[in-house]
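What follows is a structure written as structure tokens; I'll ask about it next.
Below, chain A is the first sequence line, B the second, and so on; all start at residue 1.
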Protein chains: 2
Amino acid sequence: MNLKFLETFIWVARLKSFSLAAERLNTTQAAVSHRIATLERELGIRLFERDSRDVRLTPLGIDAREHAERIVRLAADFRRRMINPASLTGTVRIGVIDTVVYSWLPTLIERVREAYPDVVLELNAAITPEISEDILDGRLDLGLMNGPVDAPGLVNRQLCTFACQWVASPALAVPDGPLEIEDVARFPILSFPTSSSRHGSVVGYFQRSGIENIRLHTASLATLIRLTTDGVGLAAIPTVTIEREIASGALRILPVRTEFPAISLYAMYLEMEDRPLPPLIAQMAADCATAFCASRDPADAW
Amino acid sequence: MNLKFLETFIWVARLKSFSLAAERLNTTQAAVSHRIATLERELGIRLFERDSRDVRLTPLGIDAREHAERIVRLAADFRRRMINPASLTGTVRIGVIDTVVYSWLPTLIERVREAYPDVVLELNAAITPEISEDILDGRLDLGLMNGPVDAPGLVNRQLCTFACQWVASPALAVPDGPLEIEDVARFPILSFPTSSSRHGSVVGYFQRSGIENIRLHTASLATLIRLTTDGVGLAAIPTVTIEREIASGALRILPVRTEFPAISLYAMYLEMEDRPLPPLIAQMAADCATAFCASRDPADAW
DNA sequence: GGTCTCGAGGAACTTCAGGTTCACCGGAGG
DNA sequence: CCTCCGGTGAACCTGAAGTTCCTCGAGACC
């Protein structure tokens, strides 16, 4: 019995397909078929019921899966704990959303450099749905993004939550004092890229209050901030990412009654026997996020 | 990472020697060296401190050993639970002491035949020290004997305890009524083979009462029973092994004040990744022993 | 009904991890 | 100083596992 075989078994069970599991494990479908057949022969039991339609676990297989997952998890844990950080090498491809870039990402990069001097980070700023797809398709190793995302085998690790506030340039003619959501909707709204999860929050925010006709502009966070400081409109942004603009007076927080929902950041990766780094870096990210929140107003970040 | 490598690591840690571990694992010392080196390279840490004197675990190695044992145990457990009994084949070499032969061994053989039809049992009756040595040297797979025995990697599983009573032939001129230990010592004493653990009990029994000069004869249990029924002397024997002789009146139990110590039976085997049968048969032996005790006077067997 | 597609399984060949053999080395001990 | 003992390193070998390619069976679609 072999850990790789158990891992293969788990992936076939998760994805209910030999060929998808093969793809995920970077091997051929025949190899997966062979591994499962070997396991079944070794144990003398049938793990999967196959027909041309799909692949299902047998009752014994369901049992076996639980055991197998425990063993593989324990083995991964062993590696993670025992491995010497200095000996880790290679490249980790990380997908990040802008919110992370503008909060604790620099700290994380610094800490990774210190802890794993021979590890190269390849950072890709993108939006959550793109990142999660890239992780599932093996183009990225780790995502730092909105969550959680539910997909077979995807580990979601919560990092922190950031409060969002409506902000505007002081130059913009926004009345002083408490604002209703309708007051906000009179201005152009600057939102995140159309297919991003954050864009959905903005649209949902107004829909819940029955407001339909809003003027929406979309852009990435950096551009958003720039446009907002330029007085193009209002934006709901995690306050921790615009500390400088608020301090300098380039942006001011608007006291809107209907609170904009906070966003939760997650680290995500596929648990793989031969890739110890993603969970380790996810752990560091959690540490960085916690440290970051501790140094901020608990109303803004927790 | 590979379960076989972890198992090798554990054995080197247990035996504190590469070559002994190699012997135990039926491979060459170079292979063991290679496996450890691979593990150490993979983890980037040193697991053992070697010098010409001996092999010791490093502090990190001590940590690793605990994790490794947990993983290997879980994997063995997985096999044991999932494996289809009907698919098990091969020969299991079992060492048994006579007490087991004369109590529940036939039941065990029957049950094994039913549960594992393709498994061949090779039985060897011997005394405890011989059996345990044969297990440690790989000449036997399982022992059913006195215990416990403490040796690295040896699993001791308690099965049952049998009370021992002094018995004699009614033909022998043993006075009726309660006997003192000194009364017993006046007769020739029939004991177990000199190097057996049971022989030690007999000698110790008299020594504790300060009795030195006893006439001792030694033989295996079967011969012992025969000699005792023939009136050669007295013997302290597990009552459950001489039920027939007592029922027929060939032997009678002597009411000796100083109780002879009961004996505990254990199943013993070396936990090995690729040998699922010994623990399974040990489990069946425990079941047989429990059933056997349940059908006897709880004062005789428990 | 023919045929197209999709996924599992099987056969033959290839690859490489891991094993074996053997020479070497360093310390202990006569 | 020599020898023994036990671990290491290197070269070569073996076999388990992987790859490639083919077959097969079951829908799905025309």
Side-chain angles (χ1 to χ4, degrees), chain A residues 1-58 61 68 72 75 79 137-138 152 272-275, chain B residues 1-58 61 65 68 72 75 79 137-138 152 272-274:
Chain A
M1 220 181 39
N2 186 315
L3 285 173
K4 186 156 53 161
F5 284 29
L6 290 183
E7 211 190 357
T8 304
F9 164 56
I10 292 168
W11 276 109
V12 174
R14 278 181 187 158
L15 302 172
K16 301 183 201 317
S17 151
F18 282 50
S19 27
L20 287 181
E23 209 175 296
R24 180 64 48 85
L25 295 165
N26 299 315
T27 182
T28 62
Q29 181 266 319
V32 171
S33 179
H34 176 64
R35 289 182 199 169
I36 299 298
T38 305
L39 252 186
E40 289 186 327
R41 187 161 21 80
E42 231 177 85
L43 295 174
I45 61 176
R46 198 159 180 76
L47 294 168
F48 292 107
E49 214 55 77
R50 300 92 148 150
D51 58 33
S52 62
R53 182 142 242 52
D54 62 351
V55 169
R56 276 149 292 121
L57 281 168
T58 59
V72 169
R79 277 192 89 149
D137 290 346
M272 293 277 186
E273 222 267 301
D274 57 342
R275 283 199 221 151
Chain B
M1 219 180 42
N2 186 314
L3 284 174
K4 188 156 51 162
F5 284 28
L6 290 182
E7 211 191 356
T8 304
F9 164 56
I10 291 169
W11 274 108
V12 174
R14 278 181 188 158
L15 301 171
K16 301 185 200 318
S17 151
F18 282 51
S19 27
L20 288 181
E23 208 174 296
R24 181 64 48 87
L25 295 165
N26 300 314
T27 182
T28 62
Q29 183 268 323
V32 171
S33 179
H34 177 62
R35 290 181 198 170
I36 300 299
T38 306
L39 254 185
E40 289 186 328
R41 185 161 22 79
E42 235 177 80
L43 295 174
I45 62 177
R46 197 158 181 76
L47 293 168
F48 293 107
E49 216 53 79
R50 300 93 148 151
D51 57 31
S52 62
R53 174 161 291 339
D54 62 352
V55 169
R56 276 149 292 121
L57 282 168
T58 59
R65 178 185 175 174
V72 169
R79 277 192 91 148
D137 291 346
M272 291 279 184
E273 222 266 304
D274 56 342

### Query
In chain order, what residues pass the side-chain hydrogen bond (donor to acceptor under 3.5 Å, both in side chains) check against B:Arg46, with sequence neighbours excluded?
none

### Task
Report the distance from atom CG of A:Asn26 to atom P of D:dG18, rounded to the nearest whole Å.
13 Å

### Query
What integer distance in Å separates A:Lys4:NZ from C:dC16:P?
12 Å

### Message
Whether B:Asn2 contacts C:dA17 is assessed here as follows: a side-chain N or O lying under 4.0 Å from the phosphate OP1 or OP2. Is that the case?
### Response
no

#### Entry: Contact check, side chains of B:Leu57 and B:Phe48, non-hydrogen atoms, under 4.5 Å
yes

#### Entry: Interatomic distance where CZ belongs to B:Phe9 and C1' belongs to D:dG7 [whole Å]
17 Å

### Summary
Hits for side-chain contact (heavy atoms from CB on, under 4.5 Å) against A:Ala31, two or more places apart or cross-chain, chain-then-number order -> A:Thr27, A:Thr28

### Message
Once side-chain hydrogen bond (donor to acceptor under 3.5 Å, both in side chains) is applied, do any residues pair with B:Ser17, and if so which ones, sequence neighbours excluded?
### Response
B:Ser19

### Residues that A:Gln29 engages under side-chain hydrogen bond (donor to acceptor under 3.5 Å, both in side chains), provided they are two or more places apart
none

### Message
Measure CD/A:Glu49 against C1'/C:dG7 and give the value in whole Å, please.
### Response
16 Å

### Task
Round to the nearest Å and state the distance from A:Leu39 atom CG to D:dA16 atom P.
16 Å

Tell me which donor-acceptor pairs under 3.5 Å the side chains of residues 5-12 of chain A have, and how far apart each pair is, sequence neighbours excluded?
unit_1, atom_1, unit_2, atom_2, d
A:Glu7, OE2, A:Glu273, N, 2.8
A:Thr8, OG1, A:Lys4, O, 2.8
A:Thr8, OG1, A:Arg35, NH1, 2.8

### Query
Which part of the nucleic acid does B:Thr27 contact within heavy-atom distance under 4.0 Å: base, sugar-phosphate only, or nothing?
sugar-phosphate

Restricting both atoms to N or O, compile the protein contacts to nucleotides 8-11 of chain C shorter than 3.5 Å, with distance only.
unit_1, atom_1, unit_2, atom_2, d
C:dA8, OP1, A:Phe18, N, 2.8
C:dA8, OP2, A:Ser19, N, 3.1
C:dA8, OP2, A:Ser19, OG, 3.3
C:dA8, N7, A:Gln29, OE1, 3.4
C:dG9, OP1, A:Arg50, NE, 2.6
C:dG9, OP1, A:Arg50, NH2, 3.3
C:dG9, OP2, A:Ser33, OG, 2.9

### Message
Does a side-chain N or O of A:Arg35 approach OP1 or OP2 of D:dG18 to a distance below 4.0 Å, or not?
### Response
yes

